[in-house]
S.K.: 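Sharing a structure with you now.
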Amino acid sequence: MIPGSFEYYAPRSLDEAVKFLAAHRDDVKVLSGGQSLLPLMKMRLSKPGFIVDIARIPGLDTIAEEGNNLIIGALVTHAQIESSDLLQKKCPLLPQTATTIADVQIRNRGTIGGSIAHADPAGDWPAAIIALDAEIKVTGPNGERWVKCEDFFLGLLMSVLEPDELVTAIKVPVTGSDKTAYLKAAPRSSGFAVVGVAVRIGLDGSGNCNRAAIGITGVSDKAYRPECVEQMLSGKKLDAKTIEAAAAESTRNVEVIEDINGSSEYRKHLTEVYVARALQDAINR
Ligand SMILES: Cc1cc2nc3c(=O)[nH]c(=O)nc-3n(C[C@H](O)[C@H](O)[C@H](O)COP(=O)(O)OP(=O)(O)OC[C@H]3O[C@@H](n4cnc5c(N)ncnc54)[C@H](O)[C@@H]3O)c2cc1C
């Protein structure tokens with residue numbers, strides 16, 4: 001359980017970090033909270049020759065409101081999000097999601113940027129941020145670019161990030177009067193989602209749904225939006241019958257995984273149940 005040897009570098013600026021990544025791109029890993037990277041290194045599933053610890057780079061650990069958006073720095077921890085009054089008021093889906101991640105120690109160290117860069121298909125953040133149509137700020141040798149989160153995740157532990165690029169921020173909208181909720185089924189031992197469902201629902205003056213955005217994690221090799229469910233809810237009154245009929249389509253066209261936590265049949269059923277429950281939970285808030 002001891003990692004292989006590596007050279008440690010702690011840059012004081014993004015520019016230094018990117019230059020170091022570019023110089024060692026095939027043999028380097030970024031260290032944020034270390035909650036996913038260190039276990040992998042200890043099991044020797046990851047053996048980087050160089051580590052870039054970005055914790056001392058200023059400006060990456062803040063949450064700020066900019067117009068109708070919130071900008072969350074990559075180094076903001078799960079615990080910071082959980083306890084943020086600003087997010088509680090302006091985008092409560094994020095604090096609610098944070099409370100479901102692992103345990104207090106992991107929430108104190110793990111970061112939203114590290115979690116997103118890691119692209120774990122059972123991670124909680126991907127579900128929440130795709131339901132919010134978030135954008136991810138990526139910084140590399142060619143400067144900065146914003147990537148829509150639906151385009152960011154490619155599959156199991158894979159994203160569009162190049163080895164010499166960093167996630168530096170996440171942009172989410174202020175959700176205003178929309179109703180949101182995150183629910184997950186997870187084994188107590190790890191807390192990782194077998195199924196995790198984030199929903200954002202907008203209702204017009206007559207109580208009809210004018211926005212339905214759903215993010216699902218744990219079910220496939222990457223988080224996804226069940227478009228068919230969203231379409232079946234749009235423009236409708238969200239009564240129990242409508243919700244149940246729409247939720248039944250939650251895994252349509254999705255390759256549902258199976259692992260030690262459950263068969264694909266079980267996951268499929270659980271997804272339908274959790275989509276219906278998350279929708280109901282959001283509406284009741
Ligand atoms: C026992 C246990 C239970 C857990 N339970 C849950 C859970 O219930 N839900 C959940 O969502 N997560 C869970 N996690 C994962 C946890 O949330 C991690 O904090 C998170 O996945 C990674 O964040 P980190 O800051 O620790 O990243 P690190 O471990 O430092 O890095 C993870 C990976 O991302 C890369 N990376 C890190 N930061 C950046 C960056 N800014 N730019 C580019 N690349 C970067 C690293 O090189 C590495 O490959 C659990 C972890 C453990 C150990």
Side-chain angles (χ1 to χ4, degrees), residues 29-30 32-41 43 45-46 74 78 93-94 96-98 100-102 106-107 110-136 138 147-163 165 167 170 172 182-199 213-230 249-275 278:
K29 282 281 179 193
V30 175
S32 286
Q35 299 304 295
S36 294
L37 180 60
L38 293 188
L40 289 175
M41 287 174 64
M43 289 186 282
L45 294 172
S46 179
H78 310 320
L93 179 62
L94 295 183
Q96 195 205 347
T97 303
T100 73
I101 296 177
I106 287 164
R107 295 203 290 275
T111 67
I112 189 167
S115 201
I116 289 168
H118 193 49
D120 190 321
D124 294 294
W125 289 127
I129 65 172
I130 68 167
L132 290 168
D133 292 303
E135 287 181 53
I136 296 162
V138 170
V147 182
K148 287 188 178 149
C149 69
E150 274 196 84
D151 301 331
F152 184 84
F153 301 106
L154 297 179
L156 175 72
L157 307 184
M158 284 188 307
S159 72
V160 298
L161 265 188
E162 293 292 333
E165 288 183 319
V167 170
I170 293 93
V172 295
Y182 183 69
L183 273 191
K184 76 170 172 182
R188 282 193 103 165
S189 50
S190 74
F192 274 112
V194 178
V195 174
V197 180
V199 302
I214 301 172
I216 299 179
T217 191
V219 175
S220 182
D221 67 341
K222 60 177 181 173
Y224 69 95
R225 294 269 295 258
E227 278 172 29
C228 180
V229 178
E230 295 178 357
E249 303 298 325
S250 300
T251 56
R252 182 188 279 268
N253 300 329
V254 174
E255 209 166 301
V256 178
I257 57 168
E258 62 183 358
D259 59 18
I260 53 163
N261 292 313
S263 64
S264 40
E265 267 313 295
Y266 170 72
R267 258 196 178 81
K268 190 171 171 300
H269 173 69
L270 208 58
T271 309
E272 294 170 15
V273 172
Y274 271 71
V275 166

S.K.: Test side chain to side chain contact (heavy atoms under 4.5 Å, CB included) on Ile170 and Trp125 and set out the steps.
M.R.: CA-CA 11 Å; Ile170 293 93; Trp125 289 127; over 6 Å; no

S.K.: Any chance you could measure Asn253, atom CG, to Ser220, atom OG, to the nearest 0.5 Å?
M.R.: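 Asn253 CG to Ser220 OG: 11.5 Å, rounded to 0.5 Å.
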
S.K.: Can you tell me how far the CZ atom of Arg225 sits from the CD1 atom of Ile216, to the nearest 0.5 Å?
M.R.: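 One gets 10.5 Å once the value is rounded to the nearest 0.5 Å.
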
S.K.: Between atom CD of Glu230 and atom CD of Glu249, what is the distance when rounded to the nearest 0.5 Å?
M.R.: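 Interatomic distance, Glu230 CD to Glu249 CD, rounded to 0.5 Å: 13.0 Å.
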
S.K.: Taking all non-hydrogen atoms of both residues, which atom of Asn261 and which atom of Arg267 are closest, and how far apart?
M.R.: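 That closest heavy-atom pairing would be CB-NH2, 4.2 Å.
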
S.K.: Assess whether side chain to side chain contact (heavy atoms under 4.5 Å, CB included) is satisfied between Leu40 and His118, documenting all intermediate values.
M.R.: CA-CA 11 Å; Leu40 289 175; His118 193 49; 3.7 Å; yes

S.K.: Atom CD of Glu150 and atom CD1 of Ile136: how far apart are they, to the nearest 0.5 Å?
M.R.: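 Those atoms lie 11.0 Å apart.
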
S.K.: If every non-hydrogen atom of Ala102 is compared with every non-hydrogen atom of Arg107, which pair is closest and at what distance?
M.R.: O-NH1, 3.3 Å

S.K.: Side chain to side chain contact (heavy atoms under 4.5 Å, CB included) for Ile129 and Phe153? Distances and angles first, verdict last.
M.R.: CA-CA 11 Å; Ile129 65 172; Phe153 301 106; 4.2 Å; yes

S.K.: So which of Val197, Ile214, Val254 actually passes side chain to side chain contact (heavy atoms under 4.5 Å, CB included) with Pro226?
M.R.: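 The single option meeting the side chain to side chain contact (heavy atoms under 4.5 Å, CB included) with Pro226 is Ile214.
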
S.K.: Using atom types as modelled and distance alone, determine if a side-chain donor or acceptor of Thr217 lies under 3.5 Å from a backbone N or O of Pro121.
M.R.: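 Pair found, side chain donor or acceptor close to backbone of Pro121.
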
S.K.: Heavy atoms only: give me the nearest Ala198-Ala131 pair and the separation to one decimal.
M.R.: O-CB, 3.8 Å

S.K.: With no hydrogens and no angle check, is any side-chain donor or acceptor of Glu165 less than 3.5 Å from a backbone partner on Val138?
M.R.: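 No: the side chain of Glu165 does not pair with the backbone of Val138.
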
S.K.: Using a 3.5 Å distance criterion without hydrogens, assess whether the side chain of Lys184 forms a donor-acceptor pair with backbone atoms of Gly191.
M.R.: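 Checking the backbone N and O of Gly191 against the side chain of Lys184, a donor-acceptor pair under 3.5 Å is found.
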
S.K.: Should we count CD of Glu162 as having more than 12 external heavy atoms under 6.0 Å?
M.R.: yes

S.K.: Taking all atoms of both residues into account, what is the closest heavy-atom pair of His78 and Ala98, and its distance?
M.R.: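 Here His78 and Ala98 meet closest at O-CB, 3.4 Å.
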
S.K.: Could you give the distance from OG (Ser115) to CD1 (Ile101), rounded to the nearest 0.5 Å?
M.R.: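 It comes to 5.5 Å.
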
S.K.: Donor-acceptor pair, distance only, cut-off 3.5 Å: does the side chain of Glu272 make one with the backbone of Ser250?
M.R.: no

S.K.: Shortest non-hydrogen contact from Gly196 to Ala127?
M.R.: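 Looking at all heavy atoms of both residues, the shortest contact is O-CB, 4.2 Å.
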
S.K.: Locate the shortest heavy-atom distance separating Leu94 from Ala128; write the atom from each residue and the value.
M.R.: CD2-CB, 4.2 Å

S.K.: Quick check for you: to the nearest 0.5 Å, what is the distance between Asp124 atom CG and Tyr182 atom OH?
M.R.: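 Asp124 atom CG to Tyr182 atom OH measures 3.5 Å (nearest 0.5 Å).
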
S.K.: Please lay out, stage by stage, how Ile257 and Val219 fare under the test side chain to side chain contact (heavy atoms under 4.5 Å, CB included).
M.R.: CA-CA 6 Å; Ile257 57 168; Val219 175; 5.8 Å; no

